[in-house]
2 protein chains.
Amino acid sequence: MVTNKQQQQPDIFRADCLSRSTLQLIASEWTPLVVFALEEGTLRFSQLLKRIDGISTKMLTQTLRAMERNGLVQRVVHPVVPPVVEYSLTPLGQALVEPVHMLQSWAYEHLEEVARARMAYDQVDHPPIQEETMTRVQQREQ
Amino acid sequence: MVTNKQQQQPDIFRADCLSRSTLQLIASEWTPLVVFALEEGTLRFSQLLKRIDGISTKMLTQTLRAMERNGLVQRVVHPVVPPVVEYSLTPLGQALVEPVHMLQSWAYEHLEEVARARMAYDQVDHPPIQEETMTRVQQREQ
DNA sequence: CTGGATCCCTAACGATACTG
DNA sequence: CAGTATCGTTAGGGATCCAG
């Protein structure tokens with residue numbers, strides 16, 4: 001039975017297309033960072049926590065669980081005390097490395113350009129952007 | 001002056017690195033879709049609204065404003081009645097097209113793989129994922 | 001027509017404390 | 001060590017009405 005609501009032709013513009021939710025896996029604040037961190041190999045929970053500056057245990061757990069559920073990471077629990085849990089990318093997760101790297105490259109390369117654009121925008125009139133139209137991320141950096 | 005807190009070497013793992021917030025421009029639910037929509041040319045607000053299924057006027061406005069501020073889109077207001085406002089990608093925004101396309105490709109190609117991973121995960125024991133560990137997006141698709 | 005302003009509810013998230 | 005549980009705050013975001 002492959003007769004669900006899914007089209008043969010995925011269409012990112014349709015709200016009910018699976019590709020939408022698939023794309024949004026990486027539209028999370030942390031997923032790309034986890035991908036980067038695990039890119040070079042297996043890491044334990046605490047190692048990830050240290051590597052990814054600013055993430056809380058809650059968000060790390062949450063992100064890892066979601067990624068595991070979506071088949072991006074593998075979670076291996078070693079039944080010892082104290083517990084050892086290792087995370088690594090699955091092949092599916094590794095397939096994501098390159099695309100996400102391109103985003104990183106873009107970010108690195110255009111970092112100053114973006115910064116300049118912001119300053120320019122903020123200086124020009126632009127009736128003081130009301131808080132509602134700023135994302136948390138943007139406010140953080142003020 | 002280039003002597004702000006920014007390193008010569010951007011480091012995505014640092015919370016205070018500009019590249020972090022730059023990367024997160026596209027970590028928004030809607031930004032990638034706006035990029036896709038504007039990829040082929042200029043569109044008006046209402047056209048974007050129609051093209052991007054499921055977006056609200058508020059989120060579209062918000063997303064466009066953020067993208068404008070960050071130099072990704074250009075907003076042109078034609079002083080006519082009724083008003084005409086056109087949006088298009090700046091060169092900076094166009095530079096984002098390719099990376100984001102790779103994500104789209106990844107999503108399209110691995111769509112079923114992800115779906116299968118989810119089903120497999122959900123069937124196996126896995127003490128019923130508590131709501132807290134699911135993102136809104138994930139809940140939506142249940 | 002465009003899109004700003006409000007209202008309001010919910011989900012996201014950090015911080016902290018706690019357990020197998 | 002690797003999380004889970006809980007609490008409190010705040011941002012996200014839909015719906016709606018309004019103005020230029």
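Order of the sequence lines sets the chain letters (A, B, ...), proteins ahead of strands, with each chain counted from 1.
Between B:Thr61 and C:dG3 there is no side-chain polar atom (N or O) within less than 4.0 angstrom of OP1 or OP2. An OP1 or OP2 oxygen of C:dG3 is reached within less than 4.0 angstrom by no side-chain nitrogen or oxygen of B:Arg44. Contact between the side-chain N/O atoms of A:Ser46 and the OP1/OP2 oxygens of D:dA2 is found at a separation under 4.0 Å. Contact annotation: A:Thr57 side-chain N/O to D:dG3 OP1/OP2 distance is not under 4.0 Å. The side chain of B:Arg75 places no N or O atom within less than 4.0 Å of a non-bridging phosphate oxygen (OP1 or OP2) of C:dT2. Between A:Tyr87 and D:dC1, a side-chain N or O to OP1/OP2 separation shorter than 4.0 Å is absent.
Put simply, CG on B:Leu49 is 9 Å from P on C:dT2, counting in whole angstrom units. Distance CD1 (B:Ile55) to P (D:dG13): 10 Å, rounded to an integer number of Å. Straight-line distance from the CD atom of B:Glu29 to the P atom of D:dA11: 19 Å, rounded to whole Å. Atom P of nucleotide C:dC13 and atom CD of B:Gln24 are separated by 10 Å, given to the nearest angstrom. Remark: C1' of C:dT6 and CD of B:Gln62 are 14 Å apart, rounded to the nearest angstrom. The distance between atom CG of A:Leu64 and atom P of D:dC1, rounded to the nearest whole Å, is 17 Å. In this structure, B:Leu60 places its CG atom 9 Å from C1' of C:dG3, rounding to the nearest Å. Rounded to whole Å, atom P of D:dG13 lies 14 Å from atom CD1 of B:Ile52.
Minimum interatomic distance between A:Met67 and A:Val35 (heavy atoms only, all atoms of both residues): CE-CG2, 3.8 Å. Shortest non-hydrogen contact noted between A:Pro10 and B:Leu111 is CB-CD1, 3.9 Å. In terms of heavy-atom proximity, A:Leu25 sits nearest to B:Trp106 at CD1-CH2, 4.2 Å. Residues B:Pro99 and A:Leu103 share a closest heavy-atom pair of CB-CD2, 3.6 Å.
By the side-chain contact (heavy atoms from CB on, under 4.5 Å) test, B:Ala37 is found to be paired with A:Phe13, B:Leu43, B:Leu48, B:Arg51, B:Ile52, residues two or more places apart in sequence or in another chain being considered.
Counting only heavy atoms from C-beta on, A:Lys58 has its side chain closest to C:dA15 among D:dG3, C:dA15, C:dT2. Nearest nucleotide to the side chain of A:Met59, out of C:dG3, C:dG14, D:dG13: C:dG14.
Of the residues in residues 77-86 of chain A, those placing a heavy atom less than 4.0 Å from an atom of DNA chain C are A:Pro83, in numerical order.
Here the rule is side chain to side chain donor-acceptor pair (under 3.5 Å) with A:Glu86, and of A:Arg75, A:Arg44, A:His78 only A:His78 fits it.
Judged purely by distance below 3.5 Å, without hydrogens or angles, the side chains of A:Glu98 and A:His101 never pair a donor atom with an acceptor atom.
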